Amino acid sequence: FGSRRGPCGRDATRCAAGVDDADEDSLLALSGRLFDKLVHCLVEPSGQLRAGALADVDLARRCLLSEPFALAPAAVAAFGVLVQSPALAATHYVSHAASTFDLSALDDYATPHARDLELYSLDRTHPRLDAFLTQPFELARLDFDDDDDDDLEDAPPAASRWSFRPRPGPVEARAARPATHRVLADAPGTAHALLFWWHLHFDDDRLLSTSPHLDTLLPPDSRPDTPPDTFSHWRLAAFILNRGAGVPLRRGDRLSLTTAIRHSHLQVLSCAVAPR
């Protein structure tokens, strides 16, 4: 959705609302860069990023918005926590489910991306989430107003729906860069999944969390003011580790976790326990 700076006609308004229906040249010709505000849908109710959301921001900045412009949300941050949940792993990788048949070949077609996890499953007695093994930590932070495109040529390829563009835009490219995190295990167990949620930043003072309940586990300086019992229509998402086998952890272990946002998914590229 856009706020027009001047008369741009019905065609440009339609392009602002659905940029995937036109190519870049058409957008430039129709819009005339007459929009100065963009309100965009970033996170699905399932807890995953909306497909093509980052590409839409890149294309809108390039074709539809004129300086100075405002984006809502203007930034997003992802937070995660490692959890033990054999039942959750078994719902995606059948070789870890109880069965009298060898179905392990089906795991080659399984996806590690879990979504639509209900808030009630955060109860540690629930069979889907047995334990939180680490403290929550920041996984990624993207500022959509950031124009710094240094080293974008060296960024790994990211998913893009725009066949005419040879490489992703600045937002997609920054999201696709691998980020390595050092995580301390607070409890023994097997980390079957990385559970994550999002903070949508509208400005310096206004923040919307997709999981106010989990925010209570964050350090006070990273915790928003949203009451933990606030209702949210968003569910949670997770990435299943090591094809459902998980990563065994002892208390005090340090885990090296590399993540990136690609194909509109937060992905774990590698996960291993650092030698003591």
Side-chain angles (χ1 to χ4, degrees), residues 1 15-24 27 38-65 71-81 88 91-92 109-117 138-146 149 152 155-181 193-202 208-211 232-241 257-271:
F1 299 96
C15 287
V19 293
D20 56 331
D21 294 329
D23 60 22
E24 185 173 0
L27 287 173
L38 176 70
V39 180
H40 56 108
C41 176
L42 194 64
V43 181
E44 295 178 347
S46 67
Q48 295 278 12
L49 283 180
R50 179 178 60 82
L54 302 183
D56 287 348
V57 173
D58 277 324
L59 190 64
R61 286 185 41 163
R62 179 174 175 81
C63 303
L64 298 174
L65 299 173
L71 294 151
V76 64
F79 292 86
V81 60
L88 179 59
T91 61
H92 286 254
Y109 305 94
T111 172
H113 304 288
R115 62 178 70 204
D116 284 313
L117 302 179
E138 186 174 300
L139 294 166
R141 184 174 293 268
L142 289 174
D143 185 351
F144 301 136
D145 291 327
D146 187 2
D149 58 355
L152 288 186
S160 174
R161 293 181 295 161
W162 317 109
S163 58
F164 55 81
R165 193 169 58 192
R167 62 186 176 91
V171 174
E172 271 194 298
R174 283 194 296 270
R177 287 178 177 144
T180 300
H181 317 277
L194 173 67
L195 189 74
F196 59 89
W197 69 102
W198 307 88
H199 283 181
L200 307 177
H201 295 263
F202 290 85
L208 187 61
S209 173
T210 63
S211 182
S232 173
H233 74 285
W234 279 293
R235 299 182 179 93
L236 292 163
F239 188 95
I240 311 299
L241 301 175
L257 193 76
T258 302
T259 62
I261 300 176
R262 299 176 183 175
H263 305 277
S264 295
H265 289 294
L266 195 152
Q267 303 181 11
V268 176
L269 306 181
S270 65
C271 183

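As the structure is a prediction and not an experimental result, all values here were calculated from the model.
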Look up atom [atom1] in [X] and atom [atom2] in [Y], then write down how far apart they are to the nearest 0.5 Å.
X	Y	atom1	atom2	value
L257	T180	CG	OG1	8.5 Å
T210	F79	OG1	CZ	10.5 Å
H201	R141	NE2	CZ	4.5 Å
L142	I261	CG	CD1	5.0 Å
L117	R115	CG	CZ	10.5 Å

Qualifying residues under side-chain contact (heavy atoms from CB on, under 4.5 Å), relative to [X], sequence neighbours excluded:
X	answer
A237	Q48, F196
S270	T258
Q267	H113, F239, R262, H263, H265, L269

Please name the pair of heavy atoms, one in [X] and one in [Y], separated by the smallest distance, quoted to 0.1 Å.
X	Y	result
A60	L38	CB-CD2, 3.6 Å
S264	L49	O-CB, 3.5 Å
A78	L266	CB-CD1, 3.8 Å
A260	A176	CB-O, 3.6 Å
F202	L208	CE1-CB, 3.9 Å
L88	I240	CG-CD1, 3.9 Å

Report yes if some heavy atom in the side chain of [X] is under 4.5 Å from a heavy atom in the side chain of [Y]; otherwise report no.
X	Y	answer
S46	R235	no
L54	F144	yes
W234	S211	no
D58	D56	no

Under 4.0 Å between a side-chain nitrogen and a carboxylate oxygen: does that hold for D143 and R174?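 R174 and D143: not salt-bridged.
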
Set out, in order, the CA-CA distance, both residues' side-chain angles and the distance that settles side chain to side chain contact (heavy atoms under 4.5 Å, CB included) for L65 and L71, then state yes or no. CA-CA 10 Å; L65 299 173; L71 294 151; 4.0 Å; yes

I'd like to know whether L200 forms a side chain to side chain contact (heavy atoms under 4.5 Å, CB included) with L42, so could you lay out the CA-CA distance, the side-chain angles of the two residues, the decisive distance to 0.1 Å, and finally the verdict. CA-CA 9 Å; L200 307 177; L42 194 64; 3.8 Å; yes

Heavy-atom donor-acceptor pair, H40 side chain to P73 backbone, under 3.5 Å: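 Confirmed, H40 side chain pairs with P73 backbone.
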
In chain order, what residues pass the side chain to side chain donor-acceptor pair (under 3.5 Å) check against W198, with sequence neighbours excluded?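 With sequence neighbours excluded, W198 shows a side chain to side chain donor-acceptor pair (under 3.5 Å) to no residue whatsoever.
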
R50 vs V43, test: side chain to side chain contact (heavy atoms under 4.5 Å, CB included). Steps then yes/no. CA-CA 5 Å; R50 179 178 60 82; V43 181; over 6 Å; no

Under a 3.5 Å cutoff, is there a donor and acceptor pairing between the side chains of T111 and H92?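 Side-chain D/A pair, T111 to H92: absent.
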
